[in-house]
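Since the structure comes first, as C-alpha cells, the remarks are kept for the end.
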Amino acid sequence: MAALIIFYDGGCPLCVKEMRRLKTKDKQHKLQFENIWANDFAKRFPHIDIAEANRILHGQKASGDMIYGLDVTHAAWSAVGRGWMTAALRWPVIKWLADKGYLFFARNRNGISKLITGNARCLQCSLDE
C-alpha cells in the first residue's frame, strides 16, 4: 500500500506536470496517483467528493486520514525525500499565506496554466509523457 494517495486534476497541465515530477522522484513507489476524472474514479473512491477534490488537492495517508492542499504537496515531496523543498510552506508564520496563495492558484489554475503552458486544459493529460 502506498504511503500517500494523491487525488489530482488530470485535466490540468500544471497539476499533471507536478505529478510527473513527483512520479520520477518516487523510486520506492510510496505514492499512488489517482486522476479524479478517470472513468472509474467514483466507483473506486466513493468517499472522495469529485467536486471538492477539483476545488482543492486531496490526499489520503496509508492510515486512511485525509489531508488537503499544501499539506498533500508537502507530504508527497517528503515521501520522496524532498520535503525540504516544501517545508517552509508549513511553517506557522508562512503557512497561512501559503495556503491563501494555494487557494488562489487552485481557483485560477486553468488560466494560470494557459499563461504558462499555452493550454488551459487537456482532455486527459498522462503522467507517462
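The heavy-atom pair separating A79 from L31 by the smallest distance is CB-CD2, 3.8 Å. Here the closest non-hydrogen pair linking C12 and R109 is SG-CD, 3.7 Å. Here the shortest heavy-atom pairing between I67 and A75 reads CD1-CB, 3.7 Å. Of all heavy-atom pairs spanning A62 and A2, the tightest one is CB-O, 3.5 Å. Of all the heavy atoms in G83 and S78, the pair that sits closest is CA-OG, 3.4 Å. Considering every non-hydrogen atom in both H58 and V72, the closest pair reads C-CG2, 3.7 Å.
Here CZ of F7 is found 10.5 Å from CD1 of I50. Values are rounded to the nearest 0.5 Å. Summarising the geometry, atom CZ belonging to F33 is positioned 6.5 Å from atom CG belonging to L127; distances are rounded to the nearest 0.5 Å. Atoms NZ and NZ, from K25 and K30 in turn, are 15.0 Å apart once rounded to the nearest 0.5 Å. Atom CG of N110 is separated from atom CG of L14 by 9.0 Å, given to the nearest 0.5 angstrom. With rounding to the nearest 0.5 Å, the separation of NZ in K61 from CD1 in I5 is 13.0 Å. To the nearest 0.5 angstrom, I56 atom CD1 is 8.5 Å from D71 atom CG.
Distance alone, capped at 3.5 Å, places no donor-acceptor pair between the N108 side chain and the I112 backbone. A donor-acceptor distance shorter than 3.5 angstrom exists from the side chain of Y102 to the backbone of L57, with no hydrogens or angles considered.
Residues W84 and L4 fall within the same hydrophobic cluster, defined by Ile, Leu, Val, Met, Phe, Trp and Tyr side chains chained together at heavy-atom separations under 4.5 Å. In the hydrophobic clustering of ILVMFWY residues, with side-chain heavy atoms under 4.5 Å counting as a link, L97 and F105 come out apart. Note: the hydrophobic cluster containing W91 does not contain L89 (ILVMFWY, side chain heavy atoms under 4.5 Å, direct or indirect links).
With salt bridges taken as basic N to acidic carboxylate O contacts below 4.0 Å, none links D9 and R55. Between D99 and R90 a salt bridge is recorded (basic side-chain N to carboxylate O distance below 4.0 Å).
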Please step through side chain to side chain contact (heavy atoms under 4.5 Å, CB included) for the pair M85 and H74, ending with a clear verdict. CA-CA 8 Å; M85 293 180 1; H74 181 59; over 6 Å; no
Full working for side chain to side chain contact (heavy atoms under 4.5 Å, CB included) between Y8 and V16: CA-CA 8 Å; Y8 70 96; V16 171; 4.0 Å; yes
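By the side-chain hydrogen bond (donor to acceptor under 3.5 Å, both in side chains) test, T24 pairs with no residue at all, sequence neighbours left out. Partners of K23 by salt bridge (charged side-chain N to carboxylate O under 4.0 Å, His left out), not counting sequence neighbours, listed by chain and number: D128.
Side chains of T117 and N119: a donor-acceptor N/O pair is absent below 3.5 angstrom, by distance only.
In this structure the side chain of F45 never reaches within 4.5 angstrom of the side chain of I36, judged on heavy atoms.
When each of Q32, E34, E18, M19 is checked for a side chain to side chain contact (heavy atoms under 4.5 Å, CB included) with I6, only M19 meets the rule.
Around CG of D40, the count of heavy atoms belonging to other residues, nucleotides or ligands within 6.0 Å exceeds 12.
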